[in-house]
Amino acid sequence: MIRLFDSVHGDVRELRLRESGRLSMYVCGPTVYDLPHLGHGRYTLVWDIARRWFSFQGLEVRYVSNITDIDDNIINRALRENSTEESVAAQFEQQWWDAMDLLGEMRPTDVPHATSYVDEMVELIAAMLDKGVAYRISDGIYFDVSTVSDYGLLAGQPLSSLRAGARIEANDEKRSPLDFALWKFAKPGEPRWQAPFGDGRPGWHTECVVMSLGLLGDGFDLHVGGFDLKFPHHENERAQAVAMGHDFARHWSHSGWVMVGGEKMSKSLGNFTSLTDMLSRVDARAYRLLVLRSHYRSPIEVTPDTIGDAQRALERLDALARRFDVPSLGGATFVRASEYDWEGEAKDLYEGVAAYLDEDLNTPLAVAQLFDAVSAANATADRGEIEHSRALAQAVTILFGALGLALRASNDHVDGESEELVLARDQARATKNWAEADRLRDELEQRGWVVEDSVTGTLIRRP
RNA sequence: GGCGGCGUGGCCGAGUGGUUAGGCAGGGGCCUGCAAAGCCCCGUACUCCGGUUCGAAUCCGGACGCCGCCUCCA
């Protein structure tokens, strides 16, 4: 049984699936008008980890994540760069997938693009107008939030108190400041789609509700995203669905944001770092480990310090993989618990980790237990019980693989000349010619290798 | 103003009413020809003030501080 925090009820509860054994989840994806930033990295890692774990535990997961490829920001950028919306979106979608690949994220099972669903959106908006839950003003079609009796469910506040806090928008024809755009009429030169109520483009909140319901259907299991999407984005998606008589998501869950210098990284503060840039400087796995080591709902500070810390912790894990030469798992493939025979300490480890992860994805505790197992495997091996500890080390690799973290045994390509130096050094050590052995080690290090001794002789790897 | 969260050892970061989180950094030792890796040991933390309790970092109340949402945002 998997339990997860539910944003509507504010507590951890059982994930009750629409269909036993199958989990349908929708993750709000990016608007592709700029390079992905650290916050995108965080939420995609969190939900990639969740998805992998659910799969590991035997669920068949359908994971839908959209690309918003039409939006004011895209239009503005195209205008500024004298380019087209299509070109801007294509360029940054490519950057997006490049970053996702570096982070070792599984591709979603479905990647709906907003521009491919405009017909369905127009249909929905027309129906909302018919039903009287939407209305027209000079610049577009708006949703009337007063038509949804429990509007504010996700915000955790009734409509009245939300309205009290809403900032006044100048010169507004809207009936309520909380009413939101379903459709924006095109101004001259702007991209447009035909619609009976006037040519234009869809609003963001409408895109996601159409794509999620379109692909996953009424009452799909789990809708997730970053905390900052909870309100108004998710509230508004839900409002549209409910207004039209649909059952929307059964569960909602939200991941914590990225902090920089004690403040939330955000568009308005302009304090964001591009993911693309960070990934060019560090091992992307360090970011995954950093995310794993804090709870998915907590904010995390992502700085060179915290990434460096994770990087060094990762080295300890890689050292284990090297020592026992266990195969790397996780990267581009799913790992499933049922594919392994769990026995003895490995079984205890799996069950312990599973207990933590099945209870609201407590990755920090799971990781702590895995690190304990690393120490145990090394200690056992130091006592000479190699095969015994290998089984435990393998379990560690499998479980990290289940979370998408591929531990790396040394599988660097060793060129012929380096190989000869290694053999020569082992020869020198065998005859206790330490001066020569050290000289050969220096030479290997100059070639960029890290040199370590083991029972089987000199081992070299890239740092 | 409304709603929500947080304040833990040098740093990051979990957690439970009483027993070691874990990682990184640091110190000591073991192993090793040396180094690296590894192992063992060490810091004895929980914003402050009250209260409940045999016992609270963990529950309750208050204070202070910080953060988020209520506006585009992951």
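So that the names make sense, note that chain A is the first sequence line, chain B the second, and so on, each numbered from 1. Nothing here was measured: the structure is a model prediction, and the numbers come from that model.
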Q.
Nearest to the A:Trp204 side chain among B:C3, B:C34, B:A74, which nucleotide is it?
A. B:A74

Q.
When you compare the ring of A:Phe371 with the six-membered ring of B:G22's base, are the centres less than 5.5 Å apart and the planes under 30° from each other?
A. no

Q: Mind calculating the distance between CG (A:Leu392) and C1' (B:G38) to the nearest angstrom?
A: 15 Å

(Q) Can you tell me the base-pairing partner of B:U16? Count Watson-Crick or G-U wobble geometry only, both distances below 3.5 Å, and say none if there is no partner. (A) none

Q. Looking across every strand, which nucleic acid part, if any, lies under 4.0 Å from A:Gly262 by heavy atom: base, sugar-phosphate, or nothing?
A. sugar-phosphate

Q. B:A21, B:C73, B:G38: which one has an atom nearest the side-chain heavy atoms of A:Leu365?
A. B:A21

Q.
For B:A45, give the paired nucleotide (Watson-Crick: N1-N3 plus N6-O4 or O6-N4; G-U: N1-O2 and O6-N3; both under 3.5 Å), or none.
A. none

Q.
Check this for me, if you would: do A:Lys174 and A:Asp179 make a salt bridge, where the nitrogen-to-carboxylate-oxygen distance has to be below 4.0 angstrom?
A. no

**Q.** Residue A:His295, side-chain atoms from C-beta onward, closest of B:A36, B:A14, B:A74
**A.** B:A14

Q.
Can you tell me whether the side chain of A:Arg441 and the base of B:A35 have a donor-acceptor pair closer than 3.5 Å?
A. yes

(Q) When the P atoms of B:A57 and B:G50 are compared, how many Å lie between them, rounded to an integer? (A) 13 Å

Q.
Between C1' on B:C24 and CG on A:Asp305, what's the gap in Å once rounded to a whole number?
A. 10 Å

(Q) Between A:Thr306 and B:G13, is there a contact of a side-chain N or O with OP1 or OP2 at under 4.0 Å? (A) no

Q. Is the base of B:G15 touched by the side chain of A:Asn362 through a donor-acceptor pair closer than 3.5 angstrom?
A. no

Q: Please measure how far the P atom in B:C42 lies from the corresponding atom in B:A56, and state the result in whole Å.
A: 25 Å

Q: Ignoring the backbone of A:Asn73, work out which of B:C40, B:G13, B:C72 is nearest its side chain.
A: B:C72

Q | Side-chain ion pair, A:Asp438 and A:Arg441, N-O less than 4.0 Å | A | yes

Q.
I want to check a possible cation-pi pair here: A:Arg175 against A:Tyr142, using under 6.0 Å from ring centre and within 45° of the ring axis as the test.
A. no

**Q.** Watson-Crick or G-U wobble mate for B:G50, both contacts under 3.5 Å
**A.** B:C60

Q: Can you figure out which of B:A74, B:C70, B:A37 approaches the side chain of A:Ala319 most closely?
A: B:A37

Q: Taking the six-membered ring of A:Trp449 (Phe, Tyr or Trp), confirm whether the NZ or CZ of A:Arg461 is under 6.0 Å from its centre and within 45° of its axis.
A: no

Q | Heavy-atom pair of closest approach, residues A:Tyr63 and A:Pro108 | A | O-CB, 3.3 Å

Q. Should B:U32 form a Watson-Crick or G-U wobble pair with both distances under 3.5 Å, which nucleotide is its partner?
A. none

Q: Considering only atom P, compute the distance from B:G62 to B:G2 and round it to an integer number of Å.
A: 14 Å

**Q.** B:G68 pairs with, by Watson-Crick or G-U criteria that keep both distances under 3.5 Å
**A.** B:C3

Q: Ignoring the backbone of A:Leu178, work out which of B:U71, B:C39, B:G13 is nearest its side chain.
A: B:U71

Q | Distance-only donor-acceptor check, side chains A:Thr380 and A:Asn378, under 3.5 Å | A | no

Q. Which residue lies toward the 5' end of RNA chain B, A:Lys432 or A:Leu38, if each is placed at its nearest nucleotide?
A. A:Lys432

Q. Given B:A14, is OP1 or OP2 found less than 4.0 Å from the side-chain N or O atoms of A:Ser298?
A. yes

Q: Just call it for A:Arg429: base, sugar-phosphate, or nothing, with non-hydrogen atoms closer than 4.0 Å on any strand.
A: base

Q: Round to a whole Å and report the spacing from CG of A:Leu370 to P of B:G13.
A: 20 Å

Q | Protein-nucleotide distance (A:Ile300, atom CD1; B:G5, atom P), rounded to Å | A | 21 Å

Q. On a whole-Å scale, what distance lies between the P atoms belonging to B:G7 and B:U44?
A. 23 Å

Q: Name the nucleic acid region contacted by A:Val450, choosing base, sugar-phosphate or nothing; use a 4.0 angstrom heavy-atom cut-off, strictly under.
A: nothing

Q.
What's the closest nucleotide to the side chain of A:Ala368 if the choices are B:G33, B:G22, B:G38?
A. B:G22

Q) Whole-Å distance between B:A25 C1' and A:Arg293 CZ? A) 12 Å

Q: Salt-bridge test for A:Asp453 and A:Arg425: reply yes if a basic N is under 4.0 Å from a carboxylate O, no otherwise.
A: yes

(Q) Once you apply a heavy-atom cut-off of 4.0 Å, does A:Gly39 come out as touching a base, just sugar-phosphate, or nothing? (A) base

Q) Does the base of B:C31 carry an N or O that pairs as donor and acceptor with the side chain of A:Asp453 under 3.5 Å? A) no

Q. When all nucleic acid strands are considered with a 4.0 Å heavy-atom cut-off, which category describes A:Arg312: base, sugar-phosphate, or nothing?
A. sugar-phosphate

Q: Consider the side chain of A:Asp309, meaning its heavy atoms from C-beta on, and name the nucleotide among B:C73, B:G23, B:G13 that approaches it most closely.
A: B:G23

Q) Which whole-number value in Å describes the distance from A:Tyr356 OH to B:G22 P? A) 11 Å

**Q.** Proximal nucleotide (of B:C73, B:C39, B:G2) relative to the A:Arg316 side chain
**A.** B:C39

Q | B:C66 and B:C48, which share atom name C1', separated by this distance in whole Å | A | 15 Å

Q) Taking OP1 and OP2 of B:G4, is either one under 4.0 Å from a side-chain nitrogen or oxygen of A:Lys230? A) no

Q: Scan side-chain atoms only and decide if A:Thr206 and A:Trp183 contain a donor-acceptor pair under the 3.5 Å cut-off.
A: no

Q. Which whole number of Å gives the distance between the C1' atom of B:U8 and that of B:C41?
A. 24 Å

Q. Of all heavy-atom pairs between A:Glu235 and A:Ala155, which one has the smallest distance, and what is that distance?
A. OE1-N, 2.8 Å

Q | Atom pair NE2/CD of A:His223 and A:Glu237 - distance to nearest 0.5 Å | A | 4.0 Å

Q) CG of A:Leu459 versus P of B:A36: gap in Å, rounded? A) 16 Å

Q) Please give, in whole Å, the distance from B:G4 P to A:Leu229 CG? A) 21 Å

Q: Counting heavy atoms from C-beta on, name the nucleotide in B:C24, B:A37, B:U71 closest to the side chain of A:Glu452.
A: B:A37

Q) So what does A:Ser294 hit on the nucleic acid, given a heavy-atom distance under 4.0 Å: a base, only sugar-phosphate, or nothing? A) sugar-phosphate

Q. If we call it a pair only when both distances are under 3.5 Å in a Watson-Crick or G-U wobble match, what pairs with B:C11?
A. B:G23

Q) Checking all strands, does A:Ser255 fall into the base, sugar-phosphate, or nothing category for heavy-atom contacts under 4.0 angstrom? A) nothing

Q) With sugar-phosphate meaning primed atoms plus P, OP1 and OP2, does A:Asp72 contact a base, only sugar-phosphate, or nothing at under 4.0 Å between heavy atoms? A) nothing

Q: Could you pick out which residue, A:Gly156 or A:Arg425, lies toward the 5' side of RNA chain B when each is mapped onto its nearest nucleotide?
A: A:Gly156

